[in-house]
Amino acid sequence: MSPFNVYGTTFDSRLLLGSAGYPSPRVLTESIAASGTQVVTVGLRRTLAAAGDNGFVDAILEQGVRLLPNTAGCRTAREAITLAHMARELYGTPWLKLEVVGDEHTLQPDPWGTVEAAAQLIKDGFAVFPYCTDDLVTCQRLLDVGCEVLMPWGAPIGSGQGLINPFALRTLRARLPKVPLIVDAGIGAPSHAAHAMELGFDAVLLNSAVSQAVDPVRMARSFGLAIDAGRSAFEAGVMAPQDMAVASTPVSGHPFLVG
């Protein structure tokens, strides 16, 4: 399987893993190891709220992964920009998963707020990973302001519905062939992740499907395997669906033996 490159850094794993909701730091670190991920997201709000969290961030870093701070919970561009600067100072990285939520029910990202915040943060020297919908025009606007990677949702955060609009995702992949695209949110099963990879997406970011599993470590391993399989299938050439049956062993016009 080919490596994955984003913002000048190459990774062997195409799975990005969230760090929220695990039953214990030990289960989190074991899940990170089992998944094979090399990038772990962490919410600054969580870290600030749990200042005495018995080495939560240190435990993650000990796994040799790269941190991707996020602005989860922000409702305005200004709030996200402020939190991003705090994250860079605290974690010492310009990498940032940008989230600006526009709807409380679906947690759908605010397209205008996201573009506004991304434009300013890129001017401020951040490497922005914007969480967005699968809307092509919004994605193009994010690229126009300087984003080098996009993170369209598969479904609403934590819903576990998988890819609810494969057509829109296929359109993004076809129209933005050279842009790193990471499916983020809504992934509930390893088969969902494999599907995203089979469509040609570059990586998958997920959290709840692992952290809320009965056995998070085993589920993390399952997702790592599914993503490898999906990417390998894409690179090998997934069979295109057809409306009509096509015999795997055609006999018309060919001699064959009758027993």
What are the two closest heavy atoms between [X] and [Y], and how far apart are they?
{"X": "A80", "Y": "C74", "result": "CA-SG, 3.6 Å"}
{"X": "L169", "Y": "F201", "result": "O-CZ, 3.3 Å"}
{"X": "V217", "Y": "V27", "result": "CG2-O, 4.1 Å"}
{"X": "D134", "Y": "P152", "result": "CA-CB, 4.2 Å"}

Is there side-chain contact between [X] and [Y], with heavy atoms separated by less than 4.5 Å?
{"X": "L206", "Y": "L15", "value": "yes"}
{"X": "D12", "Y": "Q38", "value": "yes"}
{"X": "I164", "Y": "P156", "value": "yes"}
{"X": "Q108", "Y": "H105", "value": "no"}

Notebook entry, point to check: Is there a side-chain contact (heavy atoms from CB on, under 4.5 Å) between V6 and V39 once you walk through the steps?
Noted result: CA-CA 11 Å; V6 61; V39 179; over 6 Å; no

Note to self: Under a 3.5 Å threshold, yes or no: a donor from one side chain and an acceptor from the other, between T114 and D110?
What the structure shows: no

Note to self: For R14 and S2, which I'm curious about, is there any donor-acceptor pair between the side chains at under 3.5 Å?
What the structure shows: yes

[atom2] on [Y] to [atom1] on [X], rounded to 0.5 Å:
{"X": "S31", "Y": "Q63", "atom1": "OG", "atom2": "CD", "result": "10.0 Å"}
{"X": "L98", "Y": "N70", "atom1": "CG", "atom2": "CG", "result": "9.5 Å"}
{"X": "L205", "Y": "L16", "atom1": "CG", "atom2": "CG", "result": "5.0 Å"}
{"X": "F129", "Y": "W95", "atom1": "CZ", "atom2": "CH2", "result": "4.0 Å"}
{"X": "Q161", "Y": "W153", "atom1": "CD", "atom2": "CH2", "result": "9.5 Å"}

Notebook entry, point to check: Distance-only, no hydrogens or angles: does the T41 side chain make a donor-acceptor pair with backbone N or O of L68 under 3.5 Å?
Noted result: no

Check: Of all residues at least two apart in sequence or in a different chain, which pass the salt bridge (Lys or Arg N to Asp or Glu O under 4.0 Å) check with D144?
Finding: R141

Result block: side-chain N/O donor-acceptor pairs under 3.5 angstrom for residues 174-197, not counting sequence neighbours:
unit_1 : atom_1 : unit_2 : atom_2 : d
D184   : OD2    : K97    : NZ     : 2.9
H192   : ND1    : G188   : N      : 3.0
H192   : ND1    : A189   : N      : 3.1

Looking at [Y] and [X], is any side-chain nitrogen of the basic one under 4.0 Å from a carboxylate oxygen of the acidic one?
{"X": "R231", "Y": "E198", "answer": "no"}
{"X": "R173", "Y": "D202", "answer": "yes"}
{"X": "R26", "Y": "E30", "answer": "yes"}

